[in-house]
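Take a look at the structure below.
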There are 2 protein chains.
Amino acid sequence: MNADALGALDSAAPGVARPRAPTGEKGRVTRAAIADAATKLFSKHGFAGTSVRAVASDAGTDSALVIRYFGSKEQLFLETMPMIGQFEHITAGALDGLGRRLVDSVLGAQQATQISAYRALVRASDSSLVRQRLVQAQQDMFVTPLAPNLTGPNPELRARLVAAQLSGLLDALAIFPDEAITAADRDVLIELYGAAIQVLIDWPTA
Amino acid sequence: MNADALGALDSAAPGVARPRAPTGEKGRVTRAAIADAATKLFSKHGFAGTSVRAVASDAGTDSALVIRYFGSKEQLFLETMPMIGQFEHITAGALDGLGRRLVDSVLGAQQATQISAYRALVRASDSSLVRQRLVQAQQDMFVTPLAPNLTGPNPELRARLVAAQLSGLLDALAIFPDEAITAADRDVLIELYGAAIQVLIDWPTA
DNA sequence: ACGATCGTGTCAACAGTGTTGACATCGGTC
DNA sequence: GACCGATGTCAACACTGTTGACACGATCGT
């Protein structure tokens, strides 16, 4: 907020006197500690259920430092929560049996931390930045690689509907506690849901 | 942290009784005003984005009364947010063309307040009570009416997967701002997604 | 050697949240 | 009138995200 008399040029420049991100060795260490604690606590208790002070305490530092290093709780969340993925190498592959492979891949992420991350992201989608991130991930993982390979009408719409089907499956795994699905035989799940997805992949074919 | 709703046959307390839910006419009026304000604000700004004080102010009363009448913000949310529905009369109907009718019904709720309510509920599903409510609604609207009518193997699992597909479609409408789907031609959407759902309804049939 | 500067950490404070308890006020019954 | 329960008001609690002021240590120019 300074730089008024002589440095009029600097007033438009980004971050002049404000404390900014760490540049030294020590700073990078505590920043990483904060990030680790954030990933752990956000995954376990979600965005609303995790306080900045709890993250700071778990990282052995102060809540003010958390804000100074990451800007805000929301940006900390965005930087530390990994996006579920990657499906690009699957969606870019052969169309034959693609539905089954996608379901298999989603179910494979089940025991990983990715499900927890997806759950936290969806529940924090009040934030437009979080929403933007989810939609971008859908675009990158499904629409962009898949749509060009689809034949028949409405390839992009069909790719997005495939993404919708998978988000529905993720809902049952991550958002709602649907025991009947989480406990179901994996092969049966792949066969059923994979077939339903495959319908949209090779559309005009009966 | 209130766990008395069931027990407490009689209180040995000599004089003081806890202020409870309203019984008179005046109380019922302000309680209704609070409920109206809550429905409006929760739908517009979500659970986290709506403060008890804002609800009280909109209802022309005090935040303490909101808590006194409804117990907690969470219970207020549960009592005032309508569940999306009803699909029971559809899922209980004929199996032929059921997939298309379900998609049509979901898309029909699009311009109603039900989409907003679903969005708010999903984003508030940190609360186990909210989760319980969502899962119960899925059960009542899809699994219970549909599963008995399904022929072939795994009828209950298939009914739940149908519900998962619909929640995926709802995600694209309510959670993520997927313009390509919200702007798509309704008939095309019904044909595509309806067919994908129909696969699980009449399963062994090729 | 000094002092200035910068990166880093600590502390207190702000406005806002959900929730609770103490008090005020009204309407009706002896 | 006095009592009493239902309804409303106000202040306070502990907690949240965030900000600013200040203290320490190292590094650098002189």
Side-chain angles (χ1 to χ4, degrees), chain A residues 1-3 7 10 15-34 37-38 41-42 45-80 124 126-127 129, chain B residues 1-4 11 13-34 37-38 41-42 45-80 124 126-127 129:
Chain A
M1 303 281 250
N2 314 359
D10 283 340
V16 181
R18 285 212 162 251
R20 278 330 225 151
T23 58
E25 177 60 21
K26 193 99 188 301
R28 240 178 292 118
V29 164
T30 64
R31 197 190 139 100
I34 293 172
L41 294 180
F42 280 144
H45 304 116
F47 179 80
T50 304
S51 74
V52 174
R53 283 173 175 85
V55 172
S57 169
D58 193 278
T61 176
D62 192 273
S63 65
L65 271 195
V66 174
I67 299 296
R68 239 193 358 236
Y69 281 7
F70 288 88
S72 70
K73 185 190 179 185
E74 184 186 10
Q75 287 174 8
L76 172 65
F77 182 74
L78 283 168
E79 280 196 42
T80 55
D126 285 301
S127 152
L129 287 174
Chain B
M1 298 292 192
N2 206 354
D4 63 322
S11 64
V16 184
R18 277 277 163 81
R20 277 331 225 150
T23 58
E25 178 61 21
K26 191 100 191 300
R28 240 178 289 120
V29 163
T30 64
R31 198 191 140 100
I34 292 172
L41 295 180
F42 279 143
H45 304 116
F47 180 79
T50 303
S51 75
V52 173
R53 284 174 175 85
V55 172
S57 170
D58 193 279
T61 177
D62 192 273
S63 65
L65 270 196
V66 174
I67 299 297
R68 194 110 3 117
Y69 280 8
F70 288 87
S72 70
K73 184 190 180 185
E74 184 186 11
Q75 287 175 9
L76 172 66
F77 183 74
L78 284 168
E79 280 196 40
T80 56
D126 286 301
S127 152
L129 288 174

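Within every chain, numbering begins at 1; the chains are lettered A, B, ... in the order of the sequence lines, protein sequences first and strands thereafter. Remember, it's a predicted structure, so these values are computed and weren't measured experimentally.
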Nearest whole angstrom, please: distance from the [atom2] of [N] to the [atom1] of [X].
{"X": "A/L41", "N": "D/dT16", "atom1": "CG", "atom2": "P", "answer": "12 Å"}
{"X": "A/L65", "N": "D/dT18", "atom1": "CG", "atom2": "P", "answer": "14 Å"}
{"X": "A/K73", "N": "D/dT19", "atom1": "NZ", "atom2": "P", "answer": "14 Å"}
{"X": "B/I34", "N": "C/dT19", "atom1": "CD1", "atom2": "C1'", "answer": "15 Å"}
{"X": "B/F47", "N": "C/dT17", "atom1": "CZ", "atom2": "P", "answer": "13 Å"}
{"X": "A/F77", "N": "D/dG17", "atom1": "CZ", "atom2": "P", "answer": "13 Å"}
{"X": "B/I67", "N": "D/dC10", "atom1": "CD1", "atom2": "P", "answer": "18 Å"}
{"X": "A/E74", "N": "D/dT18", "atom1": "CD", "atom2": "P", "answer": "8 Å"}

Answer with yes or no whether B/R68 presents, from its side chain, a donor or acceptor under 3.5 Å of a partner atom in the base of C/dG21. yes
Base C/dG18 to side chain B/R53, donor-acceptor N/O within 3.5 Å cut-off: yes
Side chain of [X] - closest among [options]:
{"X": "B/V52", "options": "C/dT10, D/dT18, C/dT19", "answer": "C/dT19"}
{"X": "A/D62", "options": "C/dC11, C/dT19, C/dG9", "answer": "C/dC11"}
{"X": "A/T30", "options": "C/dG9, D/dG8, C/dG18", "answer": "C/dG9"}
{"X": "B/A64", "options": "D/dT9, D/dT16, C/dT19", "answer": "D/dT9"}

Just how far is it from atom CG of B/D62 to atom OG1 of B/T30, taken to the nearest 0.5 Å? 11.0 Å
Measuring from B/D126:CG to A/F47:CZ, what's the distance to the nearest 0.5 Å? 11.0 Å
Hey, mind stepping through A/L65 and A/R68 against side chain to side chain contact (heavy atoms under 4.5 Å, CB included) and telling me if it holds? CA-CA 5 Å; A/L65 271 195; A/R68 239 193 358 236; 3.7 Å; yes
Take B/Y69 and B/Q75 through the side chain to side chain contact (heavy atoms under 4.5 Å, CB included) test and state the conclusion after the steps. CA-CA 10 Å; B/Y69 280 8; B/Q75 287 175 9; over 6 Å; no
Take B/T50 and B/F77 through the test side chain to side chain contact (heavy atoms under 4.5 Å, CB included) and record every step on the way to the result. CA-CA 10 Å; B/T50 303; B/F77 183 74; over 6 Å; no
